[in-house]
Participant: 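Sending over a structure as structure tokens; questions will come in a sec.
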Amino acid sequence: MNVITEVAETHDLRADDATYVWHPFTQAKHSTQPPIFVRGEGARLYDDAGHSVLDLISSWWVNLHGHAHPVIAEAIAEQARTLEQVHFAGASHPSAITYARELVNALTPPLQRVFYSDNGSTAVEAALKIAIQYWQNLGKPRRRLLAFEGGYHGDTFGAMSAGRGTSYFSPFTAWLFPVDLLRYATATSDSDPEPNEQRALAFLDRYLDNYGYDVAACILEPLVQGAGGMRMSRPSFVKQVIERLQARGILVILDEVLTGFGRTGTMWAYEQLGIVPDMLCLAKGMTGGFLPLAATVVTEPIYNAFLHDRTERAFLHGHSYTANPLGCAAALASLRLFKQEDTLQKVATLASIHANELPQVRIIPGVSKTRYCGSIAAFELDLKPQEMATFVSRLLETDVLIRPLGKTVYLLPPYCLAPEDLKRTYALIRRILQR
Ligand SMILES: Cc1ncc(COP(=O)(O)O)c(C=O)c1O
């Protein structure tokens, strides 16, 4: 009997969960008992009563190839038997080195140097600090950082400061450091995005004329602003934003924590923009959803600005588990699966189902602003919070796990989801909403 089965048989897990656990992003006073999942396989999660549901949020956007994928599980087990952890300052190990090489080969030059950390927020913190120190190291310090309304970059203080355009951080607003927040433009089924895009670009131009010389870096989520409400933008707009920033020498940090690893249809969202960022933040799907690992990838000129005889010119930043070997082994296995399982083709299939199905959802009263980008689909549902909760539990009872963001319903499946299962999910959504 393994330890999990033993605990499940000897303890009341529901009572223990209610007594000892503090769940993230949850108002415990109102929350109902959460399902307790004991097993995962493919796109399904199994609870302790043996019921299964389709995981249509990829377990908070981390899962790519399916739960408990045997290839990744085996890579982790093999690594655990060999070397579980070693410090990464002044030491290295094969999995981190090999993954860095293979990741860089999957990216676009001049992205070249992989700085490892633990999660999306730490990847963003590292990027912001690198940007600030980069200009100091060059002897031309710049004082401003730039971000866009609707952008979310994580829950640590630097990431919150850059993500102040979302509504999550009100208790901390007074404690955040200043980041200039600019207008952004999104696109949905309901209106022509062009006028908003032109307004946002004009706003950006005015800002850059006044302050561009002093901006160290700009951070943005390309194509999809996830936690801000699955706000999607046209590639042509995002491209124009980035070209304007790079023309002023502003370091462009693309936060692809959500959009990386195939979510938007290409391996990296930036490929659809015809630009290459100066820094790229990756996390979430990096290990296929098995372990926390992240990377801030930078260009060689940025890396070179930290080379100096004086120690304090180095990037003196890191975490205990930086480049944890288990995470790196999982990441390597996950990256290789893209070729072995022709993963981007699976994403293309999911995207074409979204394209076919969304118009039929759009015509249901209360539904608006349907949109999709690669494997991610979203729409607005005009329901009160309690009605939305009922909608979510109906879906859960009938086989599908989702977790709306306010009034935004989104589907973000693992790529292994069978096409019939995605079509069936849409049929369930339609049936419940039409009632
Ligand atoms: C775009 C983006 N950046 C950063 C983060 C923070 O990642 P983590 O939750 O791993 O700290 C998230 C998390 O949702 C995200 O969507």
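First listed ligand is number 1; within each ligand, the first listed atom is number 1. As a basis for the values below, the full set of heavy atoms in this structure was taken, side chains included, without hydrogen atoms, waters or symmetry mates.
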Participant: With a 4.5 Å cut-off on side-chain heavy atoms, are Asn119 and Thr122 touching?
Facilitator: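 Thr122 reaches Asn119 side chain to side chain.
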Participant: Could you check whether any side-chain N or O of Gln272 sits under 3.5 Å from a backbone N or O of Pro222, counting only pairs where one atom can act as donor and the other as acceptor?
Facilitator: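 Answer holds: no.
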Participant: For Asn324, run the side chain to side chain donor-acceptor pair (under 3.5 Å) check against Gln85, His93, Gln79 and tell me which one passes.
Facilitator: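 Exactly one pass, corresponding to Gln85.
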Participant: Near Arg143 CZ, under 6.0 Å, is it more than 12 heavy atoms from other residues, nucleotides or ligands?
Facilitator: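 At most 12 heavy atoms, drawn from other residues, nucleotides or ligands, come within 6.0 Å of this atom.
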Participant: For Phe25, does the CZ atom have more than 12 heavy-atom neighbours from other residues, nucleotides or ligands under 6.0 Å away?
Facilitator: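 Counting neighbours around CZ of Phe25, more than 12 heavy atoms of other residues, nucleotides or ligands fall under 6.0 Å, so yes.
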Participant: So if I only count non-hydrogen atoms and take anything under 4.0 Å from ligand 1, which residues does that give, chain by chain?
Facilitator: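 For ligand 1, the contacting residues are Trp61, Asn119, Gly120, Ser121, Tyr152, His153, Gly154, Glu221, Asp255, Val257, Lys284.
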Participant: Evaluate the side-chain proximity of Met286 to Phe261: yes if any heavy-atom separation is below 4.5 Å, no if none is.
Facilitator: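 Sidechains of Met286 and Phe261: in contact.
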